[in-house]
Amino acid sequence: PPKKGTFGFVDLALDATSGAHVAVKFLERGPGVNKAVLREILNHRLCAAHPHIVRFIEVFLTASHLAIVMEYAPGGDMFEWVLTHRVPGPGPAGLPEADARHFFQQLVCAVEFAHELGVANRDIKLENTLLDDAAVSAGTSRLPDVKICDFGYSKNEFVDSRPKSVSGTPDYIAPEVKKRREERRERERRRERRERERRRRGESEREGGQEREGRGGERAKLMRERGG
């Protein structure tokens, strides 16, 4: 069945020319196909030459969708792998260190390659780190290789402005980044409270001034009557 994401869905297809399976990401045409989608296509195509990044094949339009054709990674994603292969330890259950090193080294190489091209993925997580099935097809116990996918939040510092906002999946945001965001929100809340307090004081002063003016007018009227 198609795998649904935040902005579309991914389905498995067969390339009629080569006979190979491919993954096709469908995005509904309309306002949702915006500058961010253009960035996704350009940045993914730019980085696709690396063996640990899902290969970009082509993009085409249907009557209702924009379709991005990519290499199919049949080994699932890292989230499923970790759940299946984690082992108990002194702390929380996780992958054996040698296995984790294998995957992490490949991930770092892919990220470095993208950064050298000026591309920041901004949404690297277990669910966006796919696996091939070379180990299964070869009939060996070799670990699969990782392949980064999904450049939907990506930016290119040579084309776009440098990334300043926090994006991606909250559960994967670094603690120090999350802390800075919370501190920024708290500063914004304090600024809003001060602004509301200033407006409140300003309204009170205006009301007080109007009341004093009204009393002054009444006193002057009273004095004129007494003088008369």
Side-chain angles (χ1 to χ4, degrees), residues 1-30 32-85 102-115 117 119-139 142-156 167-169 171-172:
K3 186 175 181 180
K4 294 185 178 181
T6 306
F7 303 107
F9 65 93
V10 179
D11 208 351
L12 181 64
L14 186 69
D15 188 328
T17 303
S18 66
H21 284 100
V22 294
V24 186
K25 180 177 182 178
F26 290 95
L27 302 170
E28 188 173 359
R29 295 177 65 172
V33 179
N34 51 24
K35 187 177 179 181
V37 176
L38 176 62
R39 281 201 301 259
E40 174 181 2
I41 294 170
L42 295 178
N43 291 337
H44 190 176
R45 185 169 61 180
L46 183 65
C47 297
H50 197 276
H52 298 306
I53 295 177
V54 166
R55 183 166 54 91
F56 178 95
I57 298 176
E58 66 172 332
V59 60
F60 65 89
L61 291 173
T62 71
S64 57
H65 288 79
L66 179 145
I68 303 172
V69 184
M70 302 167 285
E71 170 188 8
Y72 171 54
D77 60 43
M78 277 300 304
F79 186 82
E80 297 170 349
W81 181 275
V82 171
L83 289 181
T84 306
H85 295 83
H102 165 83
F103 294 126
F104 190 70
Q105 285 174 340
Q106 294 182 353
L107 186 64
V108 168
C109 289
V111 171
E112 182 182 30
F113 177 81
H115 286 185
L117 296 172
V119 176
N121 181 282
R122 303 207 300 167
D123 195 25
I124 292 177
K125 56 185 178 181
L126 294 177
E127 294 88 338
N128 285 346
T129 306
L130 305 183
L131 302 169
D132 66 14
D133 68 341
V136 178
S137 59
R142 184 178 68 82
L143 291 170
D145 292 330
V146 304
K147 291 180 176 289
I148 294 175
C149 74
D150 199 341
F151 284 74
Y153 285 107
S154 66
K155 269 196 166 186
N156 189 321
S167 67
T169 306
D171 289 343
Y172 290 92

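Quick caveat, the model's predicted, so the values are computed rather than measured.
When all heavy atoms are compared, the tightest approach of V10 to A23 is CG1-CB, 4.1 Å. The minimum heavy-atom distance between W81 and P144, with the atom names listed, is CH2-CD, 3.5 Å. Between P74 and D132, the shortest heavy-atom distance links the atoms CD-CA, 4.4 Å. Of all heavy-atom pairs between V24 and A67, the closest is CG1-CB, 3.7 Å. Here the closest heavy-atom approach between residue V146 and residue M78 is recorded as CG1-SD, 4.3 Å.
For the pair D145 and L131, the minimum side-chain heavy-atom distance is 4.5 Å or more. In this structure the side chain of F151 never reaches within 4.5 angstrom of the side chain of L42, judged on heavy atoms.
Under the side chain to side chain donor-acceptor pair (under 3.5 Å) criterion, T129 pairs with no residue at all, not counting sequence neighbours. Residues satisfying the salt bridge (Lys or Arg N to Asp or Glu O under 4.0 Å) criterion with D77, sequence neighbours excluded, are K3. Residues passing the ring pair (Phe, Tyr, Trp, His ring centres under 6.0 Å) test with H115: none are found, sequence neighbours excluded. For F113, the ring pair (Phe, Tyr, Trp, His ring centres under 6.0 Å) partners two or more places apart in sequence, or in a different chain, are H50. Applying the side chain to side chain donor-acceptor pair (under 3.5 Å) criterion to N43, with sequence neighbours excluded, gives S154. The side chain to side chain donor-acceptor pair (under 3.5 Å) check on N121 picks up nothing, with sequence neighbours excluded. Shown here are the side chain to side chain contact (heavy atoms under 4.5 Å, CB included) partners of T84, two or more places apart in sequence or in another chain: there are none. Evaluation of the side chain to side chain contact (heavy atoms under 4.5 Å, CB included) rule for L14 yields H21 as partners, not counting sequence neighbours. Residues satisfying the side chain to side chain contact (heavy atoms under 4.5 Å, CB included) test with L61, not counting sequence neighbours, are R29, L66. Residues satisfying the salt bridge (Lys or Arg N to Asp or Glu O under 4.0 Å) test with E127, not counting sequence neighbours, are none.
Sorted by first and then second residue, the pairs that involve residues 56-73 and meet side-chain hydrogen bond (donor to acceptor under 3.5 Å, both in side chains), not counting sequence neighbours, are E71-K147. Within the structure, the salt bridge (charged side-chain N to carboxylate O under 4.0 Å, His left out) test picks out the following pairs touching residues 35-56 (sequence neighbours left out): K25-E40.
In this structure, CG on L46 lies 13.5 Å from CD1 on I41, to the nearest 0.5 angstrom. Rounded to the nearest 0.5 Å, atoms CD (E112) and CG (L117) are 11.0 Å apart.
Tested against V59 for a side-chain contact (heavy atoms from CB on, under 4.5 Å), the candidates I68, L27, V37 yield a single pass: I68.
A donor-acceptor contact shorter than 3.5 Å links the side chain of N128 to the backbone of D123. Between the side chain of H44 and the main chain of V54, a donor-acceptor pair closer than 3.5 Å is present.
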